[in-house]
Visitor: 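Please find one structure pasted underneath; my questions will follow.
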Number of protein chains: 2
Amino acid sequence: MANPMYRQIAEDLRLKIESGELGHGDQLPTEIELREKYDASRNTVRDAIKWLMTRGLVETRPGQGTFVVARIEPYVTILTGEADGSAGAGDIYVNEVKATRRTPTATVPRVEIQQIAGVVAEELQIAENTTVVSRHQQRSIDGIPFSLQTSFYPMSLVERGAIKLIQAEDIPHGAVAYLRDNLKVRQVGYRDTVTVRAPDPNETAFFKLPDDGRVAVYEIRRTAFDQSGHPCRLTVSVYPADRNQFTVNVGEVPPEILTRPASDQSRQHQ
Amino acid sequence: MANPMYRQIAEDLRLKIESGELGHGDQLPTEIELREKYDASRNTVRDAIKWLMTRGLVETRPGQGTFVVARIEPYVTILTGEADGSAGAGDIYVNEVKATRRTPTATVPRVEIQQIAGVVAEELQIAENTTVVSRHQQRSIDGIPFSLQTSFYPMSLVERGAIKLIQAEDIPHGAVAYLRDNLKVRQVGYRDTVTVRAPDPNETAFFKLPDDGRVAVYEIRRTAFDQSGHPCRLTVSVYPADRNQFTVNVGEVPPEILTRPASDQSRQHQ
DNA sequence: AACGATTTGTTCGTATGTATC
DNA sequence: TGATACATACGAACAAATCGT
């Protein structure tokens, strides 16, 4: 009574999905069938479906029908690791590879020299409109788009001889080892900042996300510090939120056995 | 041409918002005005607004109008800290307080003894349908809903004398210190798992989120380990994704100066 | 390869309800 | 109370994608 009709239809379908009556991947009745079943107009049925779609419960495929979304097994990325740069650590991607045991690929870095402002300048603790080197890569795992990553380095590192930073090709053993061995710039620690936001159009396209902004993305900024306590790199990584999770280990933590996606039973709120 | 009209209208409005022509909190033209401006029907204009709403760019207020959403200054929570339980660390909330310097409040714990399954049993490494103690709290900062938190403890801890775990009142210096001083159960480390998902109805209500599922929530599971390497606690915390961010420090990291929300300038993807 | 049937997507018009000022 | 503005609901028509024949 209080609720509009499209909500009642939506809640009814939602129940059928969450009770398991409609399993993952199952097709819902067509809009025409729902229109007859609930004695509503097609537009009202579509409003109900739209409501379910916003919540990520169903997806529509033109010419085919409406389907309950399939659950996705998330990738797990460990944010904590060795800080000293050994074993390539401090590089988010290495952890990903270890964690997933899948075959990763990455595009050739797109290198740009640019003036920066805002968050980048702030995290690198340099003045706005200073020039920095940015190295951008698209990363995939088993051919599936996985992350977009951009690293920013102060131009001073290049001036001190780190010319590989401005070459558009992979740095064999990683930038961390390269800077340590050539410039004696040791990475002694890093700070990760985890945020979640709506994807921009580029990200939507690369990750093949539904083009409404319903699936969010993680943005993880890793600011790395050298032995002098100054930031020597900022890496911004973006991951789709619906198929990724992150792990942080502190202190003595036994090796992980297995991981599961977000809670089913652990939701005990009321 | 390729795009439907409602998308073109939406993109045009989006541009005006992102370029700053329409500032945060500004009112958009009414649907009637937009209908005339773009020479479309009111329904089409509403489709465009719906598209912007899904992306969290605008909000509608019945009887008033459509407004550009105001940006929210995020709370910052540090996930890494001392693992040994000193200074109450290992308790997420303590870090929050330190990080925000605001006045936190929390409801009296709701204590339940229940059989658990799924993720909880898995993280605590105990058999399914074993009994555990759960302690649930709603936390606020300056009166604003902040997080929902549920901690699970193996029943064996109570049997060994930790009776305060089953009392519905705060444990003065924190459960970590209580278990250490009374049961010699030291927390030597923990593992945090960060996921993002749509809020359930309870979370939507508590956090006063828009009742479409557009704002996601973080779910952070903290599994704490004692000196024997066994899990002694699982804490599940839920935060709204639109006003929270998390920090992870590894290695030597200088003290934080200030933090800013998700990137503006750091988005360099293409 | 072509066509028709099915299904969702877009757009219009219209009417009425409800919230706010 | 009335005016304004968004919310819901109906009906209709055509477009576009998909699939099987």
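Lettering follows sequence order; numbering is per chain, from 1.
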Visitor: Should the pair A:R243 and A:Y75 be classed as cation-pi, given the thresholds of under 6.0 Å to the six-membered ring centre and 45° from the axis?
Guide: no
Visitor: Just the rounded figure in Å: distance from C1' of D:dA17 to CZ of A:F67.
Guide: 13 Å
Visitor: Are the side chains of B:I49 and B:L34 in contact, using a 4.5 Å heavy-atom criterion?
Guide: yes
Visitor: Rounded off to whole Å, could you give me the CZ-to-C1' distance for the B:R7 and C:dT10 pair?
Guide: 13 Å
Visitor: A:Y239 and A:F246: aromatic ring centres closer than 6.0 Å?
Guide: yes
Visitor: Consider only side-chain N and O atoms of B:Q149 and B:S237, and report whether a donor and an acceptor are under 3.5 Å apart.
Guide: yes
Visitor: May I ask you to evaluate whether A:T66 reaches the phosphate of C:dT7, defined as a side-chain N or O under 4.0 Å from OP1 or OP2?
Guide: no
Visitor: Would you sort out whether B:L234 and B:V120 count as a side-chain contact (heavy atoms from CB on, under 4.5 Å), showing the intermediate values?
Guide: CA-CA 7 Å; B:L234 169 67; B:V120 180; 4.1 Å; yes
Visitor: Quick test of your reading of the model: are A:K37 and A:E33 salt-bridged, counting only N-O distances below 4.0 Å?
Guide: no
Visitor: Once you round it to whole Å, what is the distance between P of C:dT6 and CG of A:L28?
Guide: 20 Å
Visitor: For residues 31-49 of chain A, which residues have at least one heavy atom under 4.0 Å from DNA chain D?
Guide: A:A40, A:S41, A:R42, A:N43, A:T44
Visitor: For A:N129, I'd like to know if atom CG has over 12 heavy atoms of other residues, nucleotides or ligands within 6.0 Å.
Guide: yes
Visitor: Sort me out a list of protein N/O and nucleotides 19-21 of chain C N/O pairs below 3.5 Å, or just none if empty.
Guide:
none

Visitor: Does B:T30 place a side-chain N or O at less than 4.0 Å from the phosphate oxygens OP1/OP2 of D:dT4?
Guide: no
Visitor: Take atom CG of A:N3 and atom P of D:dA9, then tell me their distance rounded to the nearest Å.
Guide: 10 Å
Visitor: Salt bridge check, B:R191 against B:E123: does any charged N sit closer than 4.0 Å to a carboxylate O?
Guide: yes
